[in-house]
Amino acid sequence: MLFERKQYLQQLVTAEDNGMIKIITGIRRCGKSFLLFNIYKQNLLSRGIPADHIIEVNLEDRRSKKLRDPDALLEYIDSQIKDSERYFILLDEIQLVPEFEDVLNSYLHIGNVNVYVTGSNAKFLSKDVITEFRGRGWEIRVRPLSFAEYYEKVGGDKQETLENYYLYGGLPAVVQLEKPEDKQNYLKGIFETVYLKDVLQRNHLRNADGMSELIKILASSMGSSMNVQRISNTFKSVSKVDIGANTINRYLEYLQDSFIISEALRYDIKGRKYIGTETKYYFEDPGIRNAVVGFRQIEYNHTMENVIYNELCRMGYSVDIGMVETFGNDAEGKTIRKNLEIDFVVNRHDQRVYIQSAYRMPNEEKRNQELASFRNVADGFRKILIEGDRYITYHNEEGILVMSLYDFLLKGI
């Protein structure tokens, strides 16, 4: 089953000849190497780029061990460039090369060379990309399969396919497996032997149990408001372990560096400012989240919210959690203050969209509850209510777009 990854292929093609190092990042096993060495390479060949002008090195391959030496890698690449025609250098898992920044920077001044590199470590390849490459690094962030990519190949009944996507996520290798037990075993295994192990080894952590417990807390609280003190209290009450705020902050940073989770901050819409330390964490892939909890604590409403969050990020939006302050009267007529939440406040360039996620909309009371926060935002930006049990998309009398989840996932906004 071949996934074409059209969105990312287009980004790779668009970035050609931009004078920057093209850096392909993303969680392990999301298909970065296949994208670069199969899909993009075939695209280059189909456009007439000669095979000997495509220089590819898989640094994770034992056969390339000698090329993990930066000078040896530099010498090898130089030996392959023999004329002034365009060359494409494709390097996989570049973080295995010490001083790889110097190697890559050596090609910034060569006009006929395009350099594409992959790496799973955001600490080296995303956060510090601007400083390491002096503004000459161009990041292409690859994610697990979207539901649209998944459904295009799997097909079938939309609801059944979406529920499978909720359970097992979009890692390409998982989709290839047919039996549910094989999918679960693969996801549990990759979490323990790849994701968790990678975080521990890369950051030289000895407290494996503490990190594992933190991930379980985040998985169990997916879609809920969190802060470091609350997490610390959970450790004490559940695990009888006292872990300080600074340690928890570092652990959270390590998990984000590895693309396992993402953070969405709370934003005061009327006050136009971020609110304290409250935040939400979402998993890069719902299958990994479910593997963490042993496929026992499946909550479709929170999973839907997580999938919507991931899709908005895939569309290139920055995503926050909205908070709207309102005032009303209690039963005794006293003025009370309420904070209403908007699930997502998303921004891209000069666009802003407010989005609510509702897994089920059984009655008018529930609908009014979901729309209340929209009604307290006075600006003219678009407002969208995404419903998991709706099959028709329409604008209501207030101008709010009430959208089918399937339309959102398959067509966008």
Side-chain angles (χ1 to χ4, degrees), residues 1 3 26-34 120-122 142-147 149-151 154 160-203 205 207-224 226 231 234-235 238-239 251-252 254-263 280-311 313-314 359:
M1 192 181 294
F3 298 99
I27 194 171
R28 285 190 181 276
R29 308 296 173 87
C30 72
K32 300 185 300 297
S33 299
F34 188 85
S120 305
N121 187 341
V142 178
R143 300 173 183 273
L145 298 169
S146 67
F147 177 72
E149 291 177 298
Y150 178 85
Y151 185 72
V154 175
E160 182 180 344
T161 305
L162 182 59
E163 287 179 0
N164 280 323
Y165 184 76
Y166 281 169
L167 279 173
Y168 306 119
L171 293 179
V174 177
V175 181
Q176 311 281 351
L177 300 171
E178 294 186 5
K179 296 180 180 179
E181 57 267 31
D182 291 340
K183 294 176 183 287
Q184 291 188 20
N185 290 335
Y186 177 87
L187 286 164
K188 289 177 182 177
I190 197 175
F191 170 69
E192 293 289 343
T193 63
V194 177
Y195 297 133
L196 182 58
K197 184 178 178 181
D198 189 47
V199 171
L200 295 172
Q201 290 183 346
R202 182 187 307 147
N203 298 290
L205 299 180
N207 188 2
D209 291 340
M211 176 60 78
S212 181
E213 188 62 37
L214 172 60
I215 299 174
K216 289 178 182 177
I217 291 171
L218 296 174
S220 298
S221 307
M222 181 178 65
S224 300
M226 304 284 286
I231 294 173
T234 303
F235 266 107
V238 175
S239 305
Y251 283 10
L252 290 169
Y254 297 154
L255 291 172
Q256 291 178 76
D257 283 345
S258 298
F259 301 107
I260 294 172
I261 62 170
S262 296
E263 180 183 52
K280 287 187 179 183
Y281 293 98
Y282 295 100
F283 277 74
E284 181 80 354
D285 182 76
I288 292 300
R289 180 267 171 191
N290 292 332
V292 172
V293 295
F295 292 90
R296 289 187 293 272
Q297 188 185 345
I298 308 301
E299 300 171 329
Y300 286 114
N301 56 334
H302 292 309
T303 304
M304 172 179 161
E305 187 178 320
N306 199 141
V307 168
I308 290 173
Y309 171 85
N310 289 343
E311 189 61 28
C313 292
R314 192 189 318 276
Y359 181 64

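Numbers here are sequence positions counted from 1.
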Report the C-alpha distance between D285 and N310 in whole Å, list the side-chain angles of each, state the deciding distance to 0.1 Å, and finish with yes or no for side-chain contact (heavy atoms from CB on, under 4.5 Å).
CA-CA 8 Å; D285 182 76; N310 289 343; over 6 Å; no
Dump the intermediate steps for side-chain contact (heavy atoms from CB on, under 4.5 Å) on N207 and D209, then the final yes or no.
CA-CA 5 Å; N207 188 2; D209 291 340; 4.0 Å; yes
Let's go through Y254 and R202 carefully: what are the C-alpha distance in whole Å and the side-chain angles of both, what is the deciding distance for side-chain contact (heavy atoms from CB on, under 4.5 Å) to 0.1 Å, and is it a yes or a no?
CA-CA 9 Å; Y254 297 154; R202 182 187 307 147; over 6 Å; no
Between Y282 and R289, is a side-chain contact (heavy atoms from CB on, under 4.5 Å) present by the stated rule, with each step listed?
CA-CA 9 Å; Y282 295 100; R289 180 267 171 191; over 6 Å; no
Please tabulate, for the side chains in residues 183-191, all donor-acceptor contacts under 3.5 angstrom to protein atoms that are two or more places apart in sequence or on a different chain.
| from | atom 1 | to | atom 2 | distance (Å) |
| --- | --- | --- | --- | --- |
| K183 | NZ | V174 | O | 2.9 |
| K183 | NZ | L177 | O | 2.7 |
| N185 | ND2 | E181 | O | 3.0 |

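Distance check, rounded to the nearest 0.5 Å: CD of Q297 to CG of N290 gives 9.5 Å. Put simply, CG on L218 and OG1 on T234 are 10.0 Å apart, with the number rounded to the nearest 0.5 Å. Going from atom CD1 of I27 over to atom OG of S262 covers 9.0 Å, rounded to the nearest 0.5 Å.
Residues F34 and P172 are not in side-chain contact: their nearest non-hydrogen atoms beyond the backbone lie 4.5 Å or more apart. A heavy-atom distance below 4.5 Å is found between the side chains of P286 and T303. The shortest side-chain heavy-atom distance between Y281 and S221 does not fall under the 4.5 Å cut-off. Contact annotation: the side chain of F259 never approaches that of R28 to less than 4.5 Å [non-hydrogen atoms, C-beta and beyond]. Within the 4.5 Å cutoff, no side-chain heavy atoms of Y251 are placed close to those of L255. For the pair V154 and Y165, the minimum side-chain heavy-atom distance is 4.5 Å or more. In this structure, I217 and M226 have side chains that are in contact, with non-hydrogen atoms separated by less than 4.5 Å.
In this structure, K32 contributes its side chain and G26 its backbone to a donor-acceptor pair below 3.5 Å.
Ring planes of F147 and Y151: parallel class, angle under 30° (limits at 30 and 60°).
Scored by the ring pair (Phe, Tyr, Trp, His ring centres under 6.0 Å) test, Y359 finds no partners at all (sequence neighbours excluded). By the side-chain hydrogen bond (donor to acceptor under 3.5 Å, both in side chains) test, T161 pairs with no residue at all, sequence neighbours left out. Evaluation of the side-chain hydrogen bond (donor to acceptor under 3.5 Å, both in side chains) rule for E299 yields no partner, not counting sequence neighbours. With sequence neighbours excluded, the residues that form a salt bridge (charged side-chain N to carboxylate O under 4.0 Å, His left out) with E284 are R141, R143. For E311, the salt bridge (charged side-chain N to carboxylate O under 4.0 Å, His left out) test picks out R314, with sequence neighbours left out.
The side chain to side chain contact (heavy atoms under 4.5 Å, CB included) test with I215 singles out one residue from V292, I261, V199, and that residue is V292. Exactly one of F295, F283, Y150, Y300 qualifies for a ring-ring contact (aromatic ring centres under 6.0 Å, His included) with Y166. That residue is Y300.
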